[in-house]
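Worksheet: the structure to be examined is printed underneath.
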Amino acid sequence: MTTVLGWLRGLFAVGMLAGFYVVAFTLLAADAALVGFTLWGMVEFPSQAGNWSLALGGSIPAASALLYGIGTVSRTEEPPPDAVFLRRADAPGLWRLVEELSGQLHTRPPTRIYLTSQANASVSEDARLLGFAVGERTMNLGVPLLLWLKPEELRAVLCHELGHYAGRHTRFGAITYRGAASLRSTLFRLRMTAQSDQGRVGYAWLYQAAIGSYAWMYLRLSLAVRRRQELEADAEAAAVVGPEVTARALRAVHALGITWAGFESRYLRPVHRLGFVPEDVFEAFAAMVGDPPVRERMAELRAHPVELDRSPLDSHPPLARRLALIEALPATPPRTVAEEGPLIAETSPVTRVQRKMLGESGHSATALPRAAWADLAAEAFAIELASLLLDAASDTQALARPTLATVLGQLERGQQTELTRRLTDAPEPEEQLTEALYALTGQALAGAGRARWVLSWTQGYLLDCPRDPRGRLDELVAAAARDQAAVPALRGELARLGLDIGAPVPLALRTVAAPAGPTTARRSTRSASNLVVQELARQRTVGKVTMGAVAVAGVVWGIALFGSDSSQPYTQSYQLPTAAVSMYTAWPSYPDLRPTPSYTARLPVPIMTGPILQVTPSLSIHIHFVVRGDTLSAIACDYGTSVADLQQRNDMGKRTELSVGQMLLVPAKGEGSGIVAADCR
């Protein structure tokens with residue numbers, strides 16, 4: 001049954017991927033036909049070519065974005081950027097455990113194991129022939145799981161991942177995943193093209209609507225299959241290690257993942273941008289996990305797992321549903337697995353993971369002992385907020401930099417609302433003001449040697465003031481931020497602590513000897529997403545190619561126009577300006593003002609005895625471009641016609657409003673209707 005289900009899923013994956021090709025190439029074929037017809041008309045009937053430059057210049061950027069997205073379908077999935085290949089000699093215990101569990105699940109073990117920095121695990125397979133032939137298998141395993149999961153919980157995680165192999169999920173899952181990645185990449189490029197100057201004509205918007213509709217269907221169908229596969233892998237793990245251990249492992253991974261993500265985003269990366277990192281990242285994380293308030297929070301996450309911001313496009317079912325299905329299974333005794341010695345014999349792979357993880361940002365950093373790094377992190381966070389509050393309190397007319405006395409003076413005058421508005425536009429701004437005032441007051445005390453900052457894993461930073469053991473300063477700061485009447489009490493407490501509030505507040509790191517300067521994080525040259533940078537570079541290249549193509553087509557059109565037969569009637573006495581293609585200049589948007597062209601067919605001339613009078617139809621039409629100050633009545637006077645005639649020619653109804661740059665069809669001077677307003681004479 002599993003084999004049949006796997007083949008059916010394979011056919012489904014291949015069919016969905018083929019549908020993407022069909023939709024994409026249908027759009028490209030239609031676009032190519034339109035451009036071909038336009039170029040053919042430009043050569044055959046050069047005087048009636050119309051806006052060929054818009055058709056050509058508008059299709060190239062949109063078609064290139066679509067083709068570039070299609071090109072990503074065939075690319076193989078790369079390991080994470082911080083992945084380190086784990087040799088068998090480096091971790092014989094882990095390799096042995098994985099192979100034994102694979103045997104119990106009756107599936108082939110992975111041929112490659114990579115260590116990553118994420119608190120997660122995944123498997124993939126480089127299947128050939130669109131997934132119908134087996135290929136190399138890869139397992140990615142996060143170092144936090146190896147270091148902080150219990151042995152039985154780690155076995156459950158490994159069984160879950162190997163269960164994907166046993167259910168043949170990865171054979172065709174790679175196709176589905178790459179198809180989804182290609183759709184997202186294509187939509188991203190089409191969206192950027194549509195929003196740039198290259199997409200003003202509308203082709204990119206059309207492509208985006210068509211591909212977006214297919215992506216909506218593709219992702220919902222394919223992700224529904226992937227969610228079902230996760231439940232099947234949970235069942236495989238429960239059959240080997242038991243439902244209780246499997247559910248406990250899911251809860252542990254959930255809590256560990258949230259804690260690790262908070263450590264990275266709140267502490268590691270911000271301080272790294274300042275140029276400092278801990279000597280051992282995982283040792284610093286161990287200190288966070290060992291903090292009693294953090295342990296309580298993790299225990300709460302394990303007992304009551306909460307998933308926020310879930311989306312219909314999530315690849316995993318809700319954790320609550322997974323746990324309910326696992327815990328509903330009948331209890332089974334776990335199959336024992338022999339374990340001898342540590343899973344990883346050498347620490348060098350873990351060290352290399354840390355080095356690659358920190359090297360992603362592209363700039364060097366100073367490694368500090370964990371305690372020194374923690375003190376620096378606390379001080380940096382406080383200085384950042386203190387600097388923001390001083391900037392909000394600064395007066396553009398004053399030359400001196402504001403101090404704590406400046407801020408307290410504004411609060412004492414009841415300017416809390418104005419100060420808060422200049423400080424932040426985040427939700428709960430009053431709390432932001434209280435936090436910033438606490439940071440500024442503490443930094444003034446720390447700069448004067450009256451206190452020091454210490455890192456708090458739950459609050460970010462705390463002020464250690466020996467002369468304020470009861471923390472009375474916290475209450476006074478909060479009261480002063482809310483009420484101007486409480487500011488004198490804060491002034492008195494600071495005077496008691498021996499602080500000169502009028503002295504400049506130091507805004508440079510003092511914890512380490514290394515020159516850090518102001519702690520406002522240095523902006524990395526890679527602050528913009530690599531994908532965005534690459535797409536902008538691609539658009540610049542496409543813009544140059546488009547300009548070249550339009551220029552070449554313009555030369556061909558000019559030659560064809562010069563050599564065209566003058567006996568062919570011109571159905572247009574005007575020529576629309578050729579749009580220049582540039583990603584920095586918007587395409588001019590012309591309304592459909594051209595009359596329907598009428599071509600005179602060349603037929604054999606019959607022999608006739610009588611004279612023939614040939615009348616060549618002519619249409620004398622001119623265009624007036626509206627400039628500032630023009631009115632419809634003034635234009636009617638200039639061209640010897642009436643407002644009603646202009647409204648009829650331009651399909652304006654009863655409207656008289658005009659906009660600068662608007663084109664109006666007008667009669668040639670002297671050929672108007674002759675019905676003009678009285679005030680024109």
Show your working on side-chain contact (heavy atoms from CB on, under 4.5 Å) between Q354 and V277 and close with a plain yes or no. CA-CA 11 Å; Q354 171 180 314; V277 294; over 6 Å; no
Could you please spell out the steps behind the side-chain contact (heavy atoms from CB on, under 4.5 Å) verdict for D234 and L325? CA-CA 9 Å; D234 288 342; L325 292 175; over 6 Å; no
Closest approach of [X] to [Y] (non-hydrogen atoms, all atoms of both residues):
X    : Y    : answer
T434 : A478 : CG2-CA, 3.7 Å
V294 : T259 : CG1-CG2, 4.2 Å
L423 : A436 : CD2-CB, 3.9 Å
L274 : A380 : CD1-CB, 3.4 Å
Y165 : T138 : OH-O, 2.9 Å
V143 : L115 : CG2-CB, 4.3 Å

Is [Y] close to [X] at the side-chain level, that is, under 4.5 Å between some pair of heavy atoms?
X    : Y    : result
L268 : P278 : yes
V84  : R355 : no
V241 : E152 : no
V98  : P110 : yes
W453 : L463 : yes
L162 : Q104 : no
L97  : L343 : yes
E236 : L105 : yes

Distance in Å, [X] [atom1] paired with [Y] [atom2], rounded so as to fall on 0.5 Å steps:
X    : Y    : atom1 : atom2 : answer
I113 : W95  : CD1   : CH2   : 4.0 Å
E431 : T420 : CD    : OG1   : 11.5 Å
E161 : S124 : CD    : OG    : 10.5 Å
F263 : R269 : CZ    : CZ    : 9.5 Å
M357 : R352 : CE    : CZ    : 14.5 Å
L358 : H272 : CG    : NE2   : 5.0 Å

Starting from the C-alpha separation in whole Å, work towards a yes-or-no answer on side-chain contact (heavy atoms from CB on, under 4.5 Å) for L146 and V350. CA-CA 10 Å; L146 283 173; V350 176; over 6 Å; no
Does the distance from a Lys or Arg side-chain N to an Asp or Glu carboxylate O, for E300 and R297, drop under 4.0 Å?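 Result for this pair is yes, salt bridge flagged.
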Do R248 and E153 sit within salt-bridge range, that is, some charged N less than 4.0 Å from a carboxylate O?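 Between E153 and R248 there is a salt bridge, with a charged N closer than 4.0 Å to a carboxylate O.
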Centroid-centroid distance, Y267 to W457, less than 6.0 Å: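 Yes, close enough.
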Classify the ring geometry of F381 against Y461: parallel below 30°, tilted from 30° to 60°, perpendicular beyond 60°.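 F381 vs Y461 ring planes: tilted.
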Parallel, tilted or perpendicular: which one describes the rings of F282 and W260, with boundaries at 30° and 60°? parallel
Check whether the side chains of R137 and T107 place a donor and an acceptor atom closer than 3.5 Å, and report yes or no. yes
Any side-chain donor near an acceptor of the partner, H160 and E230, under 3.5 Å: yes
More than 12 heavy atoms of other residues, nucleotides or ligands under 6.0 Å from CD of E264: yes or no? yes
Would the distance check show the side chain of R251 and the main-chain N or O of A303 forming a donor-acceptor pair, the cut-off being under 3.5 Å? yes
Stepwise side-chain contact (heavy atoms from CB on, under 4.5 Å) check, E125 with R108: CA-CA 11 Å; E125 185 171 1; R108 289 188 301 116; 3.5 Å; yes
